[in-house]
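Just below is one structure, and these are the notes that go with it.
Residues: numbered from 1 along the sequence shown.
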Amino acid sequence: VPAGHQATTILDLMTIRAFRGKTLRRFSLGTAIGFRIRQGVLTTIPAIIVFVSRKVHREWLHQIQKLPSYLEGPGGIWCDVDVMEFPYHGSPVVTSEEQFNTEIVEGLRGNDHYIGPGSQVASYETYGTLGAIVQSRIGSHQVGFLTNRHVAINLDYPNQKMFHPLPPNLGPGVYLGEVERATSFITDDMWYEIFASMIPETFVQVDAAFIPFGDSFDLLKVTTSVKGVGNMGDVMDINLLDPIGSIVGRQVMKVGRSSGLTKGRIIAYALEYNDERGIYFFTDFVIVGENSQPFDFEGDRGSLILMIGEKVDKPRPVGIICGGSANRRHLKLQNGHEPENWTSGVDLGRLLGLLQLNLITSDTALANAIEEQRRWTSLLVAVSDIGESSPMLLGMDRQRSGDVSQPERLEGISNSDLQTQFQEKNWEREQGTDITHHSVPISIAKPSAATTMEVKFIKEFDIGVSPFDRNKEAEKIDASNLKDSNAKELSFGLYLSDKEEKSKPPFQDN
């Protein structure tokens with residue numbers, strides 16, 4: 001046993017993994033942090049979990065293929081190493097939907113007179129699950145819902161509309177709204193606020209979209225209560241300085257449109273893997289269902305992950321589902337037992353910060369949010385009308401610069417001054433929030449090492465300052481000096497979802 005300090009926090013394990021990443025990537029499909037698993041039972045021994053395609057006794061391995069029993073990081077900090085089998089299955093495990101046709105599921109698919117967390121939502125070709133009711137922190141503070149990006153967006157269509165329970169081309173349903181902003185990936189340093197890998201470009205799979213409810217939709221049909229569960233508590237924020245047991249080993253539940261109410265347990269955090277293209281990714285949660293049952297099924301993607309247990313009064317939202325066993329690889333947790341289904345999830349607290357959203361957890365808070373949206377909408381319309389019609393703002397004369405006509409600037413007064421005066425007479429301005437009206441065109445942001453890879457569909461959206469854009473260099477743990485760009489590494493590819501075919505069936509679930 002090493003003489004140094006044994007890792008106890010999430011950050012400790014992530015630091016050791018980044019420091020020893022080159023060694024871990026030689027013969028593994030991916031790694032995660034958590035506790036050792038012995039005979040299928042989760043212990044309380046902090047460990048880095050190494051996933052391999054086939055686990056054999058050490059006697060049949062060459063010396064170079066053997067992983068150490070423990071790993072040391074900078075400053076003498078150390079942790080155990082656990083190896084988990086991640087076998088490949090030639091075809092996805094098919095689970096009959098008939099076993100999930102319960103009263104809860106039927107209600108979520110359109111038999112209820114309201115919608116809320118767990119309800120079915122659909123685009124023109126894909127259906128999934130409504131994760132949570134949320135409100136934008138910026139712009140007109142619109143009320144809407146959160147789901148997976150791959151459920152909501154299909155770039156083969158000119159608009160990204162969502163319906164419940166079905167789109168008009170497939171059956172009965174009503175229009176819910178159109179995607180305003182969404183994201184697929186974000187760099188690890190912006191997500192975790194540390195450099196979690198020695199690989200120069202490593203991304204976190206986020207896969208989320210915000211859809212504000214349309215003007216034609218009756219908001220009285222919306223509830224924040226989770227069907228079969230009831231009201232939820234506040235968001236469970238994950239702090240990397242917290243003990244590993246604050247997240248790994250905790251019991252969770254979800255309600256989705258395909259499998260209804262299921263329970264499971266988080267067995268690992270911050271799974272790092274590289275796909276067949278050689279790109280390195282992270283996903284936050286690895287979850288397995290109770291009693292070897294699947295935690296989610298096709299169509300449950302986007303469902304809210306709720307933390308439960310003895311110390312939790314109300315189920316606390318901790319993430320949303322974004323993937324799992326559909327990649328044809330299952331987790332083998334115990335010798336002599338069949339590999340189990342698993343589910344991946346995204347940290348909800350960080351996701352809300354990235355998309356500038358607030359979670360709405362009660363119907364009272366929902367009513368207040370709707371009223372707040374009405375006030376902000378009226379205010380923005382009034383400010384816009386003043387800016388467009390006031391002679392004081394526009395000036396009576398125009399200056400022409402090339403082919404562009406621009407208003408004269410009046411000394412002693414500005415557009416922002418009049419807007420501020422108007423706002424102070426009507427409503428108090430929220431601290432630090434810019435409510436100036438903007439019209440932002442549809443844009444597709446290209447991925448880079450310093451930016452998220454996003455697709456945005458924005459009508460009127462005031463771009464505020466995201467906490468992910470603030471300078472956090474003083475807080476980051478820079479592992480760049482650990483990188484060895486000249487060293488060649490032997491690595492294996494792993495992908496977490498099936499390759500999409502060019503021609504999809506007319507309607508598929510996710």
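Nearest heavy-atom pair across P117 and S225 is CD-O, 3.7 Å. What you find for I10 and I244 is that their closest heavy atoms are N-CG1, 3.9 Å. In terms of heavy-atom proximity, F217 sits nearest to Y175 at CD1-O, 3.8 Å.
In terms of modelled atom types and a separation under 3.5 Å, the side chain of T43 and the main chain of R36 share a donor-acceptor contact. For R137 (side chain) and L357 (main-chain N/O), a donor-acceptor pair under 3.5 Å exists by modelled atom type. With hydrogens and angles ignored, the 3.5 Å screen pairs no side-chain donor or acceptor of D363 with any backbone N or O of T223. The closest donor-acceptor contact from the side chain of N154 to the backbone of D156 lies under 3.5 Å. Judged by distance alone, with hydrogens and angles left aside, the side-chain atoms of S344 form no donor-acceptor pair with the main-chain N or O of C322 at under 3.5 Å. A donor-acceptor pair is defined here as one N or O able to donate and one able to accept, closer than 3.5 Å; such a pair exists between the side chain of R316 and the backbone of V235.
Within the model, atoms CG of N231 and CG of D313 stand 13.0 Å from one another, a figure rounded to the nearest 0.5 Å. R257 CZ to T129 OG1: the interatomic distance, rounded to the nearest 0.5 Å, is 6.5 Å. Here the OG1-CG distance, from T343 to D300, works out to 8.5 Å after rounding to the nearest 0.5 Å. The NZ atom of K221 sits 10.0 Å away from atom NE2 of H113, with the distance rounded to the nearest 0.5 Å.
No option in E180, Q356, R181 other than R181 meets the side-chain hydrogen bond (donor to acceptor under 3.5 Å, both in side chains) test with S136. Of the options Q373, Q135, E372, a side-chain hydrogen bond (donor to acceptor under 3.5 Å, both in side chains) to H141 is made by E372 and by none of the others.
Side-chain contact check for V121 versus I211: every heavy-atom pair is 4.5 Å or farther apart. In this structure the side chain of V143 reaches within 4.5 angstrom of the side chain of L366, judged on heavy atoms. Within the 4.5 Å cutoff, side-chain heavy atoms of L348 are placed close to those of L304. At least one side-chain heavy atom of L359 sits less than 4.5 Å from a side-chain heavy atom of L352. L166 is listed as a side-chain neighbour of Q120, based on a closest heavy-atom distance under 4.5 Å. At a threshold of 4.5 Å between non-hydrogen side-chain atoms, the residues D296 and R301 count as touching. At least one side-chain heavy atom of I199 sits under 4.5 Å from a side-chain heavy atom of R25. Residues T224 and T361 fail the side-chain proximity criterion, which asks for heavy atoms closer than 4.5 Å.
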Check your understanding: Can M162 and V151 be said to form a side chain to side chain contact (heavy atoms under 4.5 Å, CB included), step by step?
Key -> CA-CA 9 Å; M162 298 293 291; V151 171; 4.2 Å; yes
**Study point:** Worked verdict on D188 versus T202 for side-chain hydrogen bond (donor to acceptor under 3.5 Å, both in side chains)
**Key:** CA-CA 6 Å; D188 61 330; T202 306; 4.7 Å; no
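Applying the ring pair (Phe, Tyr, Trp, His ring centres under 6.0 Å) test to F295 and every residue at least two apart in sequence or in another chain returns nothing.
A donor-acceptor contact under 3.5 angstrom links the side chains of S184 and R149, judged on distance only. Between W191 and D284, the side chains place a donor N or O and an acceptor N or O closer than 3.5 Å (distance only, hydrogens not considered).
Relative ring orientation between F285 and Y269 is described as tilted, the plane-to-plane angle lying within the 30° to 60° band. Between F213 and F145, the ring-plane angle classifies as tilted under the 30° and 60° cut-offs.
For F282 and Y192, the gap between ring centers is short of 6.0 Å.
Atom CG of D215 sits in a sparse spot, with 12 or fewer heavy atoms from other residues, nucleotides or ligands closer than 6.0 Å.
Salt-bridge check for K227 with D112: passed, with a basic side-chain N closer than 4.0 Å to an acidic carboxylate O.
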